[in-house]
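What follows is a single structure, written as structure tokens, with notes after it.
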Amino acid sequence: MNLPRLLSVARADAPADLLLVGGRVVNVFSGEIEPADIAIAEGCIAGVGQGYRGVETIQLKGSFVAPGLIDAHVHIESSLCTPPQFARAVVPRGVTTVVADPHEIANVAGAEGVRYMIAVSRNLPLDVRIMAPSCVPATDLATAGAALPAAELAQLARQHPGTLIGLAEVMNFPGVIHADPAVLAKIEAFGHLPIDGHAPGVAGTDLNAYAAAGIGSDHECVSLEEARRKLARGLYILLREATNARNLSTLLPLVTPQTNRRICLCTDDRQPADLLGDGGIDHMLRRAIASGIDPVEAFRLATLNPAEWFGLRDRGAVAPGRRADLMIFDDLQSPRARLVIARGQIAALDGAPCGSFTAAAPPPAGPATPIDFSRVSLRVP
């Protein structure tokens with residue numbers, strides 16, 4: 001980024017690359033709707049206010065401008081798509097960043113599967129940030145073919161700084177609570193980065209131990225009581241609406257003026273019919289607003305909050321210096337993206353993708369483990 005030029009545009013001394021005129025900014029900092037123009041340069045927001053000029057100008061005519069949406073936890077493989085095709089589905093709905101756990105491909109292809117997801121996610125309008133899969137294999141009984149010990153996970157983090165941003169959901173919560181050395185080695189390797197949790201039903205002293213290990217979030221709450229006790233022990237709560245696990249309606253009462261800064265939205269596992277039908281994070285956002293949550297407060301759950309939890313401080317708000325990832329829409333009570341801007345470029349218009357969604361190379365093949373059918377019996381006693 002050319003910082004001197006960005007500052008020149010911010011001072012209104014030079015024209016912006018793109019100027020959005022006459023918008024109404026969803027300000028997730030102040031909680032207000034702020035009439036303002038938005039000057040974009042070098043892929044970032046240079047200024048918010050009046051007095052700017054641009055090489056290219058778009059008249060918004062009163063449309064709302066919100067930060068691009070962030071999915072706080074998703075397994076892209078559950079969409080049955082490679083990252084470029086997944087991006088084609090979610091970017092037109094206003095999603096510009098996802099925090100992905102490539103657990104499924106890693107279970108089969110190991111570290112090579114993680115590297116594949118990183119490689120094919122480059123240069124997309126969707127910014128894919130990766131969390132290192134913490135439980136490969138998922139259990140000692142699994143035979144998918146791969147294993148990722150702490151040393152290999154740490155190596156991946158060193159090889160991909162900034163892209164691999166933390167340790168994904170630590171599903172082996174008994175191993176955490178009872179200090180299994182192999183599990184703790186993974187946590188210690190990522191102690192300086194966000195560590196996501198997965199601890200269904202854990203409470204009391206077990207929850208204290210889980211949180212004390214340095215795990216900072218949980219997306220497995222199925223009751224309001226469970227979510228409240230985990231939030232009270234310092235965990236970010238990721239409200240989930242997947243294809244197979246639908247917890248949003250149950251957990252939305254957790255969102256109050258006292259708690260809303262510690263809550264994010266995630267889809268976890270969402271399959272094509274749901275992504276292309278109702279949508280993903282955008283669908284959850286509309287549901288939250290329809291439940292009575294203030295629209296600006298609802299946007300925080302899908303923008304500023306996940307940006308802060310994952311240390312992505314260059315996004316999550318419409319403000320100077322932040323990435324120009326923007327969702328533009330016309331109805332504050334039922335937001336549906338009309339225009340999506342990613343890194344200062346038009347990425348989708350009227351529900352259709354506009355950016356470059358590069359075709360992906362085939363994913364790596366996992367080890368083909370032959371089955372000895374002479375040892376298999378399907379007889380039912």
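In what follows, residues are counted from 1 in the order of the sequence shown. Scope of the values below: all heavy atoms of this structure, side chains included, with no hydrogens, waters or symmetry mates.
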Practice item. Hey, could you give me the CZ/CD1 distance between Arg129 and Ile165, rounded to the nearest 0.5 Å? Key: 6.5 Å
Revision key, fill the gap. dist Leu239:CG -> Cys264:SG (nearest 0.5 Å) comes out at 8.5 Å
Revision key, fill the gap. For residues 28-46, the salt bridge (Lys or Arg N to Asp or Glu O under 4.0 Å) pairs (sequence neighbours left out) are Arg5-Glu42
**Study point:** Within residues 79-99 or reaching into it, pairs that qualify as salt bridge (Lys or Arg N to Asp or Glu O under 4.0 Å) - sequence neighbours excluded
**Key:** Arg93-Asp282
Exercise for review: Apply salt bridge (Lys or Arg N to Asp or Glu O under 4.0 Å) to Arg246 and Asp268, showing your working.
Suggested key: CA-CA 10 Å; Arg246 300 176 183 266; Asp268 199 4; over 6 Å; no
Review point. Hey, mind stepping through Glu169 and His75 against side-chain hydrogen bond (donor to acceptor under 3.5 Å, both in side chains) and telling me if it holds?
Key: CA-CA 11 Å; Glu169 53 177 320; His75 303 281; 2.9 Å; yes
**Study point:** Output field: ring centroids Phe329/Phe299 closer than 6.0 Å
**Key:** yes
Practice item. Check which hydrophobic residues are tied to Leu7 through side-chain heavy-atom contacts below 4.5 Å, counting indirect links as well, and list them. Key: Met1, Leu3, Leu6
Enumerate, atom names and distances included, each donor-acceptor pair closer than 3.5 Å involving a side-chain atom of residues 171-178, sequence neighbours excluded.
| from | atom 1 | to | atom 2 | distance (Å) |
| --- | --- | --- | --- | --- |
| Asn172 | OD1 | Gly175 | N | 2.9 |

Review point. Has the side chain of Asp71 got a donor or acceptor atom that lies under 3.5 Å from a matching backbone atom of Val95?
Key: no
Check your understanding: Would you call Asp269 and Arg240 a salt bridge, using N to O less than 4.0 angstrom?
Key -> no
Review point. Is it true that Arg228 and Glu225 have a side-chain N and a carboxylate O under 4.0 angstrom from each other?
Key: no
Show me the side-chain donor-acceptor pairs of residues 54-69 shorter than 3.5 Å, one per line, residues at least two apart or across chains.
| from | atom 1 | to | atom 2 | distance (Å) |
| --- | --- | --- | --- | --- |
| Ser63 | OG | Leu60 | O | 3.0 |
| Ser63 | OG | Asp330 | OD1 | 2.6 |
| Ser63 | OG | Arg338 | NH2 | 2.7 |

Review point. Who passes salt bridge (charged side-chain N to carboxylate O under 4.0 Å, His left out) against Glu226, sequence neighbours left out?
Key: Lys230
Check your understanding: Among Thr96, Thr97, Asp325, whose side chain to side chain donor-acceptor pair (under 3.5 Å) with Arg315 holds?
Key -> Thr97
Check your understanding: Ile70 and Leu265: side-chain contact (heavy atoms from CB on, under 4.5 Å), yes or no, with the steps?
Key -> CA-CA 8 Å; Ile70 301 173; Leu265 302 181; over 6 Å; no
